[in-house]
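Notes to accompany the following structure.
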Amino acid sequence: MWTELIQEVRVAQMGVQILFGFLLTVVFQPKYETLSDTDQTIYLVTVVLGAVTTGALIGPVSLHRLVSGRRVKPQAVRWASRLTLLGLVLLLATTACSLLLILRVATHDGFVPYLVTGVVLWYLLCWFGIPLWTRHRHTAR
């Protein structure tokens, strides 16, 4: 299971690293100073979420490196799996906050929270709903 887990982490890591890198540049743009206090707070929360997401999704790699050859593979896979799942939940929050900030700045419209909620529901369905349904439906009893 270790090989599959690391492949999954690689996909998630790429996305979070690109998103986090983008987020780090926002504060250095002239437009940042013109953001409302609420938007600046959303930005700060989003950056912190991006940082902790990056930590959770890079954690399995560090875990593997530090315990490799110690004959604790089942425990390492279990912890890496937990970190990856936590990273996905945090990535969902980071992406939702990023979308909220971008749409608030781009549109200044009241429909933004509803649109973000719809996207979050879509992520929940794709990332958790369908996989959990598939696991429940097709796991041998």
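Nothing here was measured: the structure is a model prediction, and the numbers come from that model. Values below: every heavy atom of this structure, side chains too, minus hydrogens, waters and symmetry copies.
- The two residues Leu49 and Cys97 make their nearest non-hydrogen contact at CD1-SG, 3.7 Å.
- For Gln7, the side chain to side chain donor-acceptor pair (under 3.5 Å) test picks out Arg10, with sequence neighbours left out.
- Every residue was checked against the ring pair (Phe, Tyr, Trp, His ring centres under 6.0 Å) condition with Trp79, not counting sequence neighbours, and none meets it.
- Residue Thr94 is tested with Val45, Val16, Thr54, Leu23 for a side-chain contact (heavy atoms from CB on, under 4.5 Å); the sole match is Leu23.
- Judged as a side chain to side chain donor-acceptor pair (under 3.5 Å), and not counting sequence neighbours, the contacts of Asp39 are Ser36, Arg104.
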Tell me which donor-acceptor pairs under 3.5 Å the side chains of residues 120-130 have, and how far apart each pair is, sequence neighbours excluded?
none

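- Taking all atoms of both residues into account, the shortest heavy-atom contact from Leu90 to Ala56 is CD1-CB, 4.2 Å.
- Counting only heavy atoms from C-beta outward, the side chains of Val112 and Thr107 approach each other to under 4.5 Å.
- Open room surrounds OH on Tyr114; 12 or fewer heavy atoms of other groups in view lie less than 6.0 Å from it.
- The only member of Val61, Thr84, Leu91 that meets side-chain contact (heavy atoms from CB on, under 4.5 Å) when paired with Gln13 is Val61.
- Considering every non-hydrogen atom in both Ser81 and Leu5, the closest pair reads N-CD2, 3.5 Å.
- Scanning both residues, Tyr43 and Val26, for their nearest heavy atoms gives CE1-CB, 3.5 Å.
- Between Thr95 and Leu99 the shortest side-chain heavy-atom distance does not fall below 4.5 Å.
- Evaluation of the ring pair (Phe, Tyr, Trp, His ring centres under 6.0 Å) test over residues 45-73, restricted to residues two or more places apart or in two chains, returns Trp2-His64.
- Counting heavy atoms from C-beta outward, Gln17 and Ile58 have side chains that approach closer than 4.5 Å.
- Phe22 and Thr25 get closest at one heavy-atom pair: O-OG1, 2.7 Å.
- Contact detail for Leu103 and Val116: the closest heavy-atom pair is CD1-CG2, 4.1 Å.
- Pairs engaging residues 27-38 under the salt bridge (charged side-chain N to carboxylate O under 4.0 Å, His left out) rule: none recorded [sequence neighbours left out].
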One pair to check against side chain to side chain donor-acceptor pair (under 3.5 Å): Thr46 and Ser98. What are the steps and the verdict? CA-CA 6 Å; Thr46 305; Ser98 299; 5.0 Å; no

